[in-house]
Amino acid sequence: MTLKERFGQASGRQWLWFVVWTILTILFSFWSQSPWVLLFILLFLDIYISKFIPWGFWKNSKNDLFRKTMEWVDAIVFALIAVYFINTFFFQNYQIPTSSLEKSLLVGDFLAVSKLSYGPRAPITPLSFPLAQHTMPVTGGKSYIEKPQWKYNRLKGFGKVKRNDIVVFNFPVGDTVALNQQGIDFYLLSKLHPNGSEGVRADKRTYGDIVYRPVDRRENYVKRCIGLPGETIELKNDSVFIDGNYIPNPRLSQHNYMIHTDGTIISSDVFSKLGINIADYNTQNSYGQIVSRSQDLADVDSLSMSIFNLKPRNGNNGRVYFGIPLTNDMIEELESKPFVWEIIKERELPGTSYYFPLDYNTQWTRDNYGPLWIPKKGETITFDSNLDYKVATYERCIKNYEGNDFAYRDGKVFINGEESDSYTFKYDYYFMMGDNRHNSADSRSWGFVPEDHIVGQPQLIWLSLEKDRAWFKGKIRWNRLFRSAKVSA
């Protein structure tokens, strides 16, 4: 059959579908600025009009089992392609796994994340299984093929990341992962190990295999953007300052407090009504047993007694609950309880935890941090003073994120084999923090988020599950369903 005859046999419905898909392909080509997309028009021409390739050959089979099987295969393949396309360019599902944004977003919230808010990022590892971030469900193993890998390219979106936006992004230091201890980033594990990264790599029994993940296959995180490119951020007594100007904390921000009672044991009902999770007032001992985060004052160590000025009253030691995350409203409600003597914000001593930059002793804490300049595309840093600090702070941006060879020896910086006295950044970077300020692993711990790691903005809470309750006893938070996830500061 000639091409003219094939065209003549095509029905009006076939021509309509061909025209619809052709228009959509042309529009997508303009949006993605990729003329290669137009090649799909030839595919649609053959599917609907010319039919040189027998795409539906199985429909004419006399074998019922084969025909029905192929119907299912056809439906599944189409669904996977559609999900991949929607997941890549429009919306992605995300579940809140930790309490770092409590009470703005809760553990167990399922979010629809818009890729259009900041512009969808073109796939970097295009050959991957839909809905699997980096590991295949059930079977395990990688859910993607490492090659080919495309260069970073972001399509046009509705806007850019703004201060106080809640943002989903790929975990910046998730490029290297110890599979047996994925809850702690590889670089902190290396810092804690007496033999550094080599010791971590050598101890497979403890840490498991060490794997590399491309940018778009790294774990998804969600935080609030506090610092923008080119700004200088500083925390003083837990107050944020940007370029020297005070930035109010989010309305629902939380901090850890010690609750000193007259000896009363606070019931789980009181905590539950306040919205405090079981994990916030209970913990596990070394045997994995659930124990309360409370102590008789006589059992509190002397250092804590002196730091928080804890004292008995009228011969009564009382009882202390420690590490309880509270908002201002929750503090007011607790202070109204007759058995609560005092509520004291917990303080962290300098040097007791590790903060970014890990390889430079700043003595910063979670409440007193910085000042720290956030890199901006097109702006330049010079290597003429305070070199140890600048190298520790910006080496990862220059080397890991922007793909340069970087070396620092004999007090000199070498970039791509040449001695350099300055560097101009190719990307914008962001400083992310959780609203649960004392229980958030964020930019204070692992540094900047490069623009190529930005995934999207949460738009809608479509499901919310309370982890501490059974299915028929309040498991579903009905009052949160189909609410906006764009929680303001």
Side-chain angles (χ1 to χ4, degrees), residues 88 92 94 100 113 115 117-125 133-134 146 149-157 159-177 185-188 212-233 242 355-359 370 372-381 390-406 415-416 422-434 440-458:
T88 300
Q92 178 177 337
Y94 179 76
S100 66
V113 178
K115 302 288 188 75
S117 295
Y118 310 124
R121 179 184 57 193
I124 295 174
T125 50
Q133 180 62 18
H134 48 67
E146 293 188 5
Q149 285 198 24
W150 296 343
K151 291 184 178 180
Y152 164 65
N153 177 44
R154 189 173 295 277
L155 282 61
K156 290 184 179 180
K160 295 184 177 181
V161 178
K162 302 183 293 296
R163 188 174 349 273
N164 288 321
D165 279 1
I166 292 180
V167 182
V168 173
F169 55 90
N170 295 117
F171 188 34
V173 292
D175 54 350
T176 308
V177 179
D185 73 76
F186 176 81
Y187 301 94
L188 181 55
Y212 171 82
R213 288 174 179 162
V215 171
D216 58 343
R217 297 296 125 197
R218 295 169 192 173
E219 205 69 63
N220 284 330
Y221 268 41
V222 59
K223 307 288 179 186
R224 191 183 295 276
C225 178
I226 300 298
L228 298 173
E231 297 179 337
T232 297
I233 187 170
I242 299 292
Y355 291 97
F356 178 82
L358 292 178
D359 295 328
L372 180 71
W373 180 75
I374 306 168
K376 182 179 182 180
K377 182 178 180 179
E379 293 201 4
T380 301
I381 58 167
K390 288 182 178 178
V391 168
T393 305
Y394 302 109
E395 175 183 4
R396 183 169 181 82
C397 298
I398 298 169
K399 180 180 179 180
N400 297 64
Y401 302 146
E402 303 199 357
N404 298 285
D405 179 56
F406 185 97
I415 299 177
N416 297 325
S422 65
Y423 180 79
T424 301
F425 291 97
K426 297 189 295 185
Y427 290 157
D428 282 331
Y429 292 81
Y430 302 89
F431 196 93
M432 306 288 186
M433 292 176 63
S440 174
D442 51 36
S443 286
R444 292 170 293 179
S445 301
W446 34 254
F448 312 110
V449 177
E451 64 174 80
D452 67 333
H453 283 58
I454 299 295
V455 174
Q457 184 181 39

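For the numbers below, each heavy atom of this structure counts, side chains included, while hydrogens, waters and symmetry mates do not. Worth saying up front: this structure is predicted, and the values here are computed from it rather than measured. Residue numbers count from 1 along this sequence.
Remark: Gln149 pairs with no residue by the side-chain hydrogen bond (donor to acceptor under 3.5 Å, both in side chains) rule, at least two apart or across chains. For Phe171, the ring pair (Phe, Tyr, Trp, His ring centres under 6.0 Å) partners are Tyr221, Trp446, not counting sequence neighbours. For Asp405, there are no salt bridge (charged side-chain N to carboxylate O under 4.0 Å, His left out) partners at least two apart in sequence or on another chain. Shown here are the salt bridge (charged side-chain N to carboxylate O under 4.0 Å, His left out) partners of Lys390, two or more places apart in sequence or in another chain: Asp384. Legend: residues meeting side-chain hydrogen bond (donor to acceptor under 3.5 Å, both in side chains) with Glu146, ordered by chain and number and at least two apart, are Lys142. In this view, Thr424 and Thr380 satisfy the side-chain hydrogen bond (donor to acceptor under 3.5 Å, both in side chains) rule, not counting sequence neighbours. Every residue meeting the salt bridge (charged side-chain N to carboxylate O under 4.0 Å, His left out) condition with Glu231, not counting sequence neighbours, appears here in chain and number order: Arg163. Applying the side-chain contact (heavy atoms from CB on, under 4.5 Å) test to Thr176 and every residue at least two apart in sequence or in another chain returns Phe186, Tyr187, Arg201, Ile210. Lys399 pairs by the salt bridge (charged side-chain N to carboxylate O under 4.0 Å, His left out) definition with nothing, not counting sequence neighbours. Considering only residues two or more places apart in sequence or on other chains, Ser440 meets the side-chain hydrogen bond (donor to acceptor under 3.5 Å, both in side chains) condition with Lys223, Asp442.
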Tell me, with the steps shown, if Arg213 and Gln133 meet side chain to side chain contact (heavy atoms under 4.5 Å, CB included).
CA-CA 10 Å; Arg213 288 174 179 162; Gln133 180 62 18; over 6 Å; no
Carefully, step by step, assess Phe356 and Thr393 under the rule side chain to side chain contact (heavy atoms under 4.5 Å, CB included).
CA-CA 7 Å; Phe356 178 82; Thr393 305; 3.9 Å; yes
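For the residue pair Val449 and Ser443, the shortest heavy atom distance occurs at CG2-OG, 4.5 Å. Here the closest non-hydrogen pair linking Leu228 and Val161 is CD2-O, 3.8 Å.
Here the CZ-NE2 distance, from Phe169 to His453, works out to 9.5 Å after rounding to the nearest 0.5 Å.
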Enumerate donor-acceptor pairs with a distance under 3.5 Å from any side-chain N or O in residues 427-434 to protein atoms, sequence neighbours excluded.
from: Asp428; atom 1: OD1; to: Lys377; atom 2: N; distance (Å): 2.8
from: Tyr429; atom 1: OH; to: Glu402; atom 2: OE2; distance (Å): 2.9

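Listed for the Tyr94 side chain is a donor-acceptor partner under 3.5 Å among the backbone atoms of Asn220. Side chain of Asp216 to backbone of Pro123: no donor-acceptor contact under 3.5 angstrom is found.
Every pair passing salt bridge (charged side-chain N to carboxylate O under 4.0 Å, His left out) that includes a residue from residues 167-177 is listed here, sequence neighbours excluded: Asp175-Arg396.
Tyr152 and Glu451 form a side-chain donor-acceptor contact under 3.5 Å, judged by distance and modelled atom types alone.
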